[in-house]
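Reminder, nothing fancy here: chain letters follow the sequence lines and each chain counts from 1.
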Amino acid sequence: GDMARNLLNVEPSHEFEGRKDTEPDEHRAQRLTEEADLALLLVEPARSAMRSAGVESVFDDIELPLAPILAEMERTGIAVNVSALKGLSDGFDQAIRDVEAVVHSLAGEKFNIASPKQLQAVLFDKMGLKAGRKTKSGYSTDSTALEQVAAEMVSNGQDPAIVAGILEFRELTKLKATYTDALLNLVDPNTGRVHTTFNQTVAATGRLSSSDPNLQNIPVRTGIGRKIRRAFIPGPGKVLLSADYSQIELRVLAHYTEDPELLRAFREDEDIHRITASRIFGVPEDAVTPDQRRDAKTVNFAVLYGQSDFGLSAQLKIPRAEAKRYIEQYFERFPSVKDYIARTVVEARETGFVRTLSGRRRPVPEVNDRNFNIRNFGERAAVNSPIQGTAADIIKVAMIRLREELRKLGDPAVMLLQVHDELVLEVPPEQLESMSHLLREVMENAWPLNAPLKVDVKHGENWDEMA
DNA sequence: ACGATCACGTA
DNA sequence: AACGTACGTGATCGTG
């Protein structure tokens with residue numbers, strides 16, 4: 001629609017945006033006919049636009065060959081254990097009722113815990129608990145705010161049970177509504193499989209996105225959430241095979257910065273978070289404590305995303321001055337990272353966009369905005385996009401090469417999912433060994449960087465066993 | 001029925 | 001645009 005307006009000066013008679021799953025057949029036929037017609041008319045103008053932007057090879061060598069692979073993955077789908085999901089849904093339902101009753105009892109009244117507005121009224125007005133951060137329409141009740149309320153209660157000698165109950169209610173209702181129930185509604189009753197849509201033109205950085213259902217945000221962090229992941233299974237007589245890039249974004253950072261310390265660490269396959277901890281805390285590597293390593297890991301990501309001392313202090317629950325020291329120490333020890341950030345921002349300011357290794361462009365007009373906050377947002381996006389986008393380029397190229405290798409071998413395995421740094425395949429057990437080897441080779445060699453790429457391969461009878 | 005808001009799941 | 005990037009989805013609640 002936008003391309004027709006911009007390049008052809010034509011106003012499409014049908015709406016191209018919005019969800020199409022409830023569209024009447026006649027309307028769909030009309031719309032698709034017009035889309036096909038406009039697509040043909042757009043070939044030459046789009047080609048010219050891509051040539052001027054220097055992104056023809058991104059289109060020809062990455063996005064175009066990737067499209068049929070994604071279509072194939074969507075058509076294949078992934079099997080789910082329907083009875084396990086139903087069991088989970090029922091279990092969640094009972095647990096929600098139980099915790100709901102507890103919360104209502106502790107509050108001394110019935111109310112809708114899922115309504116932030118009602119929740120605020122109960123916690124901050126009726127019970128008189130100390131409110132923290134504000135939102136547009138009142139006080140925040142998100143998990144961070146509630147954790148702080150609980151901590152405050154404990155230090156005042158109060159029982160924080162109601163807060164714990166609310167957080168448990170949130171986790172359970174989230175899992176039931178967004179995952180078990182939504183997934184059950186989207187299982188093809190004939191095949192027992194779910195078929196996502198991989199969106200190729202949504203994310204500004206070049207990542208894919210997944211929708212209806214989103215299979216790129218299936219829970220993995222909590223024990224209860226992982227029960228949902230356990231319901232994703234191989235088809236009959238098959239095994240799931242998963243390969244994920246180890247710390248790909250930090251390796252891309254090492255590539256761009258050419259930082260000698262980062263490059264050495266990755267070339268010698270050392271523990272990068274331990275190295276960072278050693279440098280920012282000024283201790284020998286073998287003296288790094290688990291807590292220091294965990295905080296260093298947070299600092300590594302903070303740098304990648306351009307986090308401020310304010311944000312880092314909140315995340316690590318340390319004073320702002322201390323967070324500031326960590327960041328300063330980081331840049332002192334890894335000066336080439338500081339240089340990289342500076343020159344990327346300059347490039348963005350001068351050209352209005354940044355590029356990934358493949359030449360993919362992300363416009364960042366915000367970097368020249370007069371508003372401080374908008375400008376800062378643009379600078380963070382400008383620094384992060386080449387990193388995130390290059391990682392996206394690499395896994396896309398790996399998918400294209402992998403598909404080609406599989407074809408040569410007579411399709412002994414099929415790709416099911418891509419989750420940004422992970423590929424999930426379905427393979428006959430007798431092919432496990434050869435496919436694991438192939439997957440690692442193709443992914444690790446998809447694109448040569450100054451720092452080596454590392455891939456971990458796992459297999460299992462469900463998607464959780466491999467996490 | 002729709003959109004804004006809040007919240008929260010993933011990399 | 002909101003003191004960390006990139007996404008998608010669901011419930012609530014106000015508006016139409």
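- Residue A:Ser115 places its side chain closer to C:dT12 than to any other of C:dT12, C:dA11, C:dA6.
- Between A:Glu322 and A:Lys317, none of the side-chain N atoms (NZ, or NE/NH1/NH2) sits under 4.0 Å from a carboxylate O, so this pair counts as no salt bridge.
- Picking from C:dA6, C:dG10, C:dT9 the nucleotide with the shortest atom distance to the side chain of A:Asp212 gives C:dT9.
- Residues A:Ser313 and A:Arg320 have side chains that never bring a donor and an acceptor to within less than 3.5 angstrom of each other.
- Residue A:Ser209 has a polar side-chain atom (N or O) positioned under 4.0 Å from OP1 or OP2 of C:dG8.
- Among the heavy atoms of the strands lying under 4.0 Å from A:Glu366 is at least one base atom, whether or not backbone atoms are also near.
- Paired runs in DNA chain C that reach 3 or more consecutive Watson-Crick or G-U pairs, where each pair keeps both distances under 3.5 Å, cover B:1-11 with C:5-15.
- Projected onto DNA chain C by closest heavy-atom contact, A:Asn371 and A:Ala381 fall at different nucleotides, the more 5' of which corresponds to A:Asn371.
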Return the polar atom pairs (N/O with N/O) between nucleotides 5-9 of chain B and the protein under 3.5 Å, or none.
unit_1 : atom_1 : unit_2   : atom_2 : d
B:dC6  : OP1    : A:Thr135 : OG1    : 2.9
B:dC6  : OP1    : A:Lys136 : N      : 3.1
B:dC6  : OP1    : A:Ser137 : N      : 3.1
B:dC6  : OP1    : A:Ser137 : OG     : 2.9
B:dA7  : OP1    : A:Thr141 : N      : 2.6
B:dA7  : OP1    : A:Thr141 : OG1    : 2.6
B:dA7  : OP1    : A:Asp142 : N      : 3.4
B:dA7  : O3'    : A:Arg170 : NH1    : 3.3
B:dC8  : OP1    : A:Arg170 : NH1    : 3.0
B:dC8  : OP2    : A:Ser143 : N      : 2.9
B:dC8  : O2     : A:Lys174 : NZ     : 2.7
B:dG9  : O4'    : A:Tyr179 : OH     : 3.4
B:dG9  : N2     : A:Asn217 : ND2    : 3.2
B:dG9  : N3     : A:Asn217 : ND2    : 2.9

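- OP1 or OP2 of C:dG4 sits under 4.0 Å from a side-chain N or O of A:Ser308.
- Whole-Å rounding puts the A:Phe198 CZ to B:dT10 C1' distance at 13 Å.
- Counting non-hydrogen atoms under 4.0 angstrom, A:Glu249 reaches nothing in the nucleic acid.
- Contacts of A:Ser210 with the nucleic acid, taken as non-hydrogen atoms under 4.0 Å apart, involve only primed sugar atoms and P, OP1 or OP2.
- Rounded to the nearest Å, the gap between the C1' atom of C:dA1 and that of C:dA6 is 15 Å.
- Between C:dA1, C:dG14, B:dA11, one nucleotide has an atom nearer to the side chain of A:Phe377 than all others, and that is C:dA1.
- Rounding to whole angstrom units, CZ of residue A:Phe310 and P of C:dG4 are separated by 7 Å.
- Checking A:Asp212 against A:Thr197 by side-chain atom types alone, no donor-acceptor pair falls below 3.5 Å.
- Residue contacts for A:Ala204: at a heavy-atom cut-off of 4.0 Å it reaches the sugar-phosphate backbone alone, with no base atom in range.
- The distance between atom CD of A:Glu379 and atom P of C:dA1, rounded to the nearest whole Å, is 18 Å.
- No engagement by A:Ala302 is indicated, since no non-hydrogen atom pair under 4.0 Å with the nucleic acid exists.
- Distances from the side chain of A:Ala203 to the nucleotides C:dA6, C:dT9, C:dA2 place C:dA6 closest.
- A:Arg133 places none of its side-chain heavy atoms less than 4.5 Å from the side chain of A:Thr141.
- Per the geometry, CD belonging to A:Gln315 stands 12 Å off P belonging to C:dT5, to the nearest Å.
- Side chains of A:Lys458 and A:Ser242: a donor-acceptor N/O pair is absent below 3.5 angstrom, by distance only.
- Comparing atom distances between the A:Arg229 side chain and each of B:dT10, C:dA6, C:dT5 picks out B:dT10 as nearest.
- Distance A:Arg320 CZ to C:dG4 C1': 14 Å, rounded to the nearest Å.
- Comparing C:dC13, C:dG8, C:dT9 by their closest approach to the side chain of A:Gln118 singles out C:dC13.
- Between A:Thr205 and C:dT5 there is no side-chain polar atom (N or O) within less than 4.0 angstrom of OP1 or OP2.
- Under the 3.5 Å distance criterion, with hydrogens and angles disregarded, no donor-acceptor pair is assigned to the side chains of A:Glu258 and A:Ser336.
- A close approach under 4.0 Å does occur between a side-chain nitrogen or oxygen of A:Asn112 and OP1 or OP2 of C:dT12.
- Inspection of the A:Asn81 and A:Ser83 side chains reveals an N or O donor paired with an N or O acceptor under 3.5 Å.
- Using modelled atom types, one finds no donor on one side chain facing an acceptor on the other under 3.5 Å when comparing A:Gln315 with A:Thr298.
- Among the heavy atoms of the strands, none lies under 4.0 Å from A:Val383.
- Remark: C1' of C:dC3 and CZ of A:Arg375 are 14 Å apart, rounded to the nearest angstrom.
- Going from atom CG of A:Leu215 over to atom C1' of B:dA11 covers 14 Å, rounded to whole Å.
- When each of A:Leu304, A:Val303, A:Ile387 is paired with A:Leu250, the side-chain contact (heavy atoms from CB on, under 4.5 Å) condition holds for A:Leu304 and for no other.
- Taking atom P on both nucleotides, B:dA4 is separated from C:dA2 by 14 Å, rounded to a whole Å.
- A donor-acceptor contact under 3.5 Å is not formed by the side chain of A:Gln216 with the base of B:dT10.
- How far CZ of A:Arg403 is from CE of A:Met415: 6.5 Å, rounded to the nearest 0.5 Å.
- Across the protein-nucleic acid pair, A:Leu312 atom CG and C:dG4 atom P stand 9 Å apart, rounded to whole Å.
- Between C:dA1, C:dG4, C:dT5, one nucleotide has an atom nearer to the side chain of A:Ile374 than all others, and that is C:dA1.
- Among the heavy atoms of the strands lying under 4.0 Å from A:Ala182 are primed sugar atoms or P, OP1, OP2 only; no base atom is included.
- Residues A:Thr390 and A:Tyr256 bring a donor and an acceptor atom of their side chains to less than 3.5 Å of each other.
- As judged by a 4.0 angstrom heavy-atom cut-off over every strand, A:Asp421 is placed among residues touching the sugar-phosphate backbone only.
- Taking the charged nitrogens against the carboxylate oxygens, A:Arg279 and A:Glu328 have no contact shorter than 4.0 Å, which rules out a salt bridge.
- Nucleic acid contact class of A:Arg380 (heavy atoms, under 4.0 Å, all strands): sugar-phosphate only.
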